[in-house]
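Data first, discussion second: the structure below is written as structure tokens.
Positions are given from 1, in the same order as the sequence printed here. Whatever order the structure lists them in is the order used to number ligands and atoms, beginning at 1.
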Amino acid sequence: MVRPIDWKTFSELRGSEKKEYFMRDGDIFHVVMAQQFDRPSLDYICGLTTKIRGIAKGNQGMLFLQSLLQTKRAMLYFVQPSTRTFLSFMSACQILGIRCSEVRDPTTSSEMKGETQEDTVRTFSSYVDLVIMRHIQERFAEKMAWLLNQTGRPVSVVNAGSGRDQHPTQALLDIYTLHRSFENYGGIDGKAIAMVGDLLRGRTVRSLSYLLKNYDGVKIYFVAPRNLQMAQDLKDYLIENNVNFEEHENFEEIIPLADAIYMTRIQDEYDQEGESKKIDYSKFHVTRERLKLLKTNAIIMHPLPRRSEISPEVDQDRRAMYWRQVRNGMWVRVALIAKIFLADKEIMSY
Ligand code: CP
């Protein structure tokens, strides 16, 4: 049982102070923000993911995975568009034998009759053991996790993207992709990661930056148009945690310095008055010409969906990792859900 706390007091706590409210008996229960993960938990999730991938290679292994959580049910509440996150969570649930329900269009739910989102989520908790949610509102999942903690049926909440602020499970799959890519090159420690594009409104780069704090000697280059640079609160967090970062506008200057370039699209769904159209985003595109500047062992990442920031001809380059990220996302989510329901030990001893 977590200590009761009112929303105002809770919401004013620092990320690290909220961690205890997302745990049960020392295990992860809600997945809401990247700050709740430390290095041992990241290493464990990477190891568990690799173990699951190995098990899933055979039919017997798949049947074993499917037997683990057959008594569990999940709700996919995705009221902001998604392809990868929705499908990979649904696939992850299916791999573990979990049955899923979904609400993707709130016009088909009683929200249209004036029901609050809080009551909607509380209703879900009557029927399922896990609510995975994507929402345009910042900190939505955080508020729902807090809300359910105050009820008699505090089911797990997983944040699958909350407005402009966080996408923690994307960051976990990004860490897994970095971990696998650099496994034979000293790991993530000491690597230079260039985050490129609309950093102000992209939630994936925020969550990934929080996670990179857990690795020694990492350097982050924030490469963005001036008006779309990383927000001050995130930079303050990195300063406080001694993470080395620099801000740049010239992408071509940074490409040769990076071990990973993490591309993002312009997030014009958050425009107030069409301001994205005034930005020359082509300076922040990966083209075949610019690939010549990239180190031989560097990797190119993108959370997807992409527009023009990575030309499709780049897909053939062996350094392009974004399609691998898509696949990794499903396996990392299997690992995370297994961990939430304490099935991880059985998996590790398979
Ligand atoms: N990376 C990601 O969140 O993709 P979707 O928006 O398609 O889920």
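- For Thr107, the side-chain hydrogen bond (donor to acceptor under 3.5 Å, both in side chains) test picks out Asp105, with sequence neighbours left out.
- Considering only residues two or more places apart in sequence or on other chains, Tyr350 meets the ring pair (Phe, Tyr, Trp, His ring centres under 6.0 Å) condition with Phe64.
- Residue Ser209 is tested with Tyr237, Phe245, Phe222 for a side-chain contact (heavy atoms from CB on, under 4.5 Å); the sole match is Phe222.
- Under the side-chain hydrogen bond (donor to acceptor under 3.5 Å, both in side chains) criterion, Ser156 pairs with no residue at all, not counting sequence neighbours.
- The shortest heavy-atom contact between Leu211 and Ala34 is CD2-O, 3.4 Å.
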Report all N/O contacts between ligand 1 and the protein shorter than 3.5 Å as a table of atom names and distances to 0.1 Å; if there are none, say 'none'.
residue  : atom  : partner : partner atom : Å
ligand 1 : 1 (N) : Gln170  : OE1          : 3.0
ligand 1 : 1 (N) : Pro303  : O            : 2.8
ligand 1 : 1 (N) : Leu304  : O            : 3.0
ligand 1 : 3 (O) : Thr85   : OG1          : 2.9
ligand 1 : 3 (O) : Arg134  : NH2          : 2.9
ligand 1 : 3 (O) : His167  : NE2          : 2.9
ligand 1 : 4 (O) : Arg84   : NE           : 3.1
ligand 1 : 4 (O) : Leu304  : O            : 3.3
ligand 1 : 6 (O) : Arg134  : NH1          : 2.8
ligand 1 : 7 (O) : Thr83   : N            : 2.8
ligand 1 : 7 (O) : Arg84   : N            : 3.0
ligand 1 : 7 (O) : Arg84   : NE           : 3.2
ligand 1 : 7 (O) : Arg84   : NH2          : 3.0
ligand 1 : 8 (O) : Ser82   : OG           : 2.6
ligand 1 : 8 (O) : Thr85   : N            : 2.9
ligand 1 : 8 (O) : Thr85   : OG1          : 2.6
ligand 1 : 8 (O) : Arg134  : NH1          : 3.4
ligand 1 : 8 (O) : Arg134  : NH2          : 3.4

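- Residues Glu138 and Arg203 are not paired through a salt bridge, judged by the lack of any N-O separation under 4.0 Å between the basic side chain and the carboxylate.
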